[in-house]
Amino acid sequence: MARPQTDIEAGRQELLDIVEELVRKRGGVDLSMTELATAAGMSPANVYRFFENKEALLEAAAGRWFAPKIAIMEEVVAADLPSREKMFQFFASRFALMRDQFHEDPDMFKSYLELGDQHFEVVRGYVDLGDHYLSEIVVQAMDEGYLPDLSIDDAVSLINQMVQCYCNPEALLYLDHKLSEEKLGMIVDTIFIGLGRRFDQKSSAGQPHIKIVT
């Protein structure tokens with residue numbers, strides 16, 4: 001008889017709790033199904049009843065790590081806010097969450113970064129999802145008259161470069177004391193003002209200069 005789905009899900013969550021403990025105690029390097037089975041007090045075959053392979057386990061662990069960030073993005077994108085405020089909240093709320101996670105347990109935070117670096121192919125989908133939600137805010141900004149003469153993809157790329165230290169968790173390891181919501185707000189204001197300009201390559205002096213796009 002097939003095991004009830006609720007039992008399977010409960011077992012997965014228990015194993016993910018153990019994964020967190022393992023990562024907290026010994027870092028995120030070379031986590032194996034055998035090590036997880038030993039820590040859980042079960043046979044490796046039993047672990048495979050809950051996760052068919054290591055990739056499935058890592059995807060589930062990443063899903064748990066990113067779930068609150070996804071919830072933030074979905075809530076912000078759905079909010080009835082002007083695009084400037086929406087973009088600020090889009091980055092500021094996730095930054096505040098990451099900063100709290102870092103301050104609560106720096107070693108655990110670093111270990112999860114190690115795990116993500118080792119298995120970036122698992123993380124990539126969440127990065128792409130963030131770009132998808134950001135593009136929705138960009139479309140709204142364009143409808144409101146901002147970001148002229150830019151494609152959606154170009155705007156998303158430029159914005160990501162300008163706010164990288166607020167959405168890249170590794171930045172907290174060495175810039176924590178220099179980052180703040182106030183500074184992020186100034187960056188977002190600069191995005192809305194500065195990306196209303198473009199470089200005119202036909203400068204009479206032969207060098208590009210900035211021309212206001214009206």
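Any value given below was found using the heavy atoms of this structure, including those in side chains, with hydrogens, waters and symmetry copies removed.
Contact check for L113 versus L173: side-chain heavy atoms found under the 4.5 Å cut-off. Taking the side chain as every heavy atom from C-beta outward, M142 and V138 approach each other to under 4.5 Å. Contact of the L58 side chain with the F51 side chain is not registered, since no non-hydrogen atoms from C-beta on lie closer than 4.5 Å. The shortest side-chain heavy-atom distance between L134 and M87 falls under the 4.5 Å cut-off.
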>> I'd like to know whether R99 forms a salt bridge (Lys or Arg N to Asp or Glu O under 4.0 Å) with D176, so could you lay out the CA-CA distance, the side-chain angles of the two residues, the decisive distance to 0.1 Å, and finally the verdict.
In response: CA-CA 8 Å; R99 182 181 56 198; D176 177 36; 5.7 Å; no
> Under the side-chain contact (heavy atoms from CB on, under 4.5 Å) criterion, do W65 and Q101 qualify, and how do the steps go?
Replying inline: CA-CA 11 Å; W65 174 261; Q101 290 173 324; 3.8 Å; yes
> Given Q13 and R64, is the side-chain contact (heavy atoms from CB on, under 4.5 Å) satisfied, shown in steps?
Replying inline: CA-CA 9 Å; Q13 294 306 315; R64 175 182 280 197; 2.7 Å; yes
>> Evaluate Q140 against E144 for side chain to side chain donor-acceptor pair (under 3.5 Å), listing each step before the verdict.
In response: CA-CA 6 Å; Q140 179 183 338; E144 294 173 3; 2.9 Å; yes
>> Show, in sequence, the C-alpha distance, side-chain angles and deciding distance for V163 and I191, and conclude whether the side-chain contact (heavy atoms from CB on, under 4.5 Å) test is met.
In response: CA-CA 9 Å; V163 301; I191 287 171; 3.9 Å; yes
> Would E85 and Q89 satisfy side chain to side chain donor-acceptor pair (under 3.5 Å), going step by step from the backbone distance to the final call?
Replying inline: CA-CA 6 Å; E85 179 62 22; Q89 293 296 338; 2.9 Å; yes
>> Does F102 form a side-chain contact (heavy atoms from CB on, under 4.5 Å) with M98? I'd like the steps, not just the answer.
In response: CA-CA 6 Å; F102 176 58; M98 288 193 301; over 6 Å; no
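The shortest heavy-atom contact between F90 and G130 is CZ-O, 3.5 Å. For the pair L15 and M42, the tightest heavy-atom approach, listed with the atom from each and the gap, is CD2-CE, 4.2 Å. Between A155 and L147, the closest heavy-atom pair is CB-CD1, 4.2 Å. A pairwise comparison of heavy atoms in K54 and M33 identifies CA-SD, 3.8 Å as the closest pair. Closest heavy-atom contact between A171 and C165: CB-O, 3.4 Å. The minimum heavy-atom distance between S83 and A141, with the atom names listed, is OG-CA, 3.4 Å.
The backbone N or O of D107 sits less than 3.5 Å from a side-chain atom of S111, completing a donor-acceptor pair. A donor-acceptor pair under 3.5 Å is absent between the side-chain atoms of R94 and the main chain of Y166, judged by distance alone. Put simply, the side chain of K86 gets close to the backbone of A79: a donor and an acceptor are under 3.5 Å apart. Between the side chain of E181 and the backbone N or O of A96, no donor-acceptor pair lies under 3.5 Å.
Considering CE of M73 and CG of L129, their distance stands at 5.0 Å, rounded to 0.5 Å. The CG atom of L172 lies 5.0 Å from the CZ atom of F109; values are rounded to the nearest 0.5 Å. Put simply, CD1 on I159 and CD1 on I137 are 8.5 Å apart, with the number rounded to the nearest 0.5 Å. Separation of atoms CG (D17) and CG (L22) is listed at 11.0 Å; rounding is to 0.5 Å. For the atom pair D131 CG and I152 CD1, the distance stands at 12.5 Å (nearest 0.5 Å). Atom CG of L36 and atom OH of Y48 lie 9.5 Å apart (nearest 0.5 Å).
Under 3.5 Å, the side chains of Q118 and E114 contain no donor-acceptor pair of N or O atoms.
Counting heavy atoms of neighbouring residues, nucleotides and ligands inside a 6.0 Å radius, atom CD of E121 exceeds 12 of them.
Transitive grouping of hydrophobic side chains (ILVMFWY, heavy atoms separated by less than 4.5 Å) keeps V139 and L81 in distinct clusters. Under a hydrophobic-cluster definition in which Ile, Leu, Val, Met, Phe, Trp and Tyr are linked whenever side-chain heavy atoms come within less than 4.5 Å, directly or via other members, M186 and F95 are assigned to different clusters.
Using bins of under 30°, 30° to 60° and over 60° for the plane-to-plane angle, the ring pair F192/Y146 lands in the perpendicular bin.
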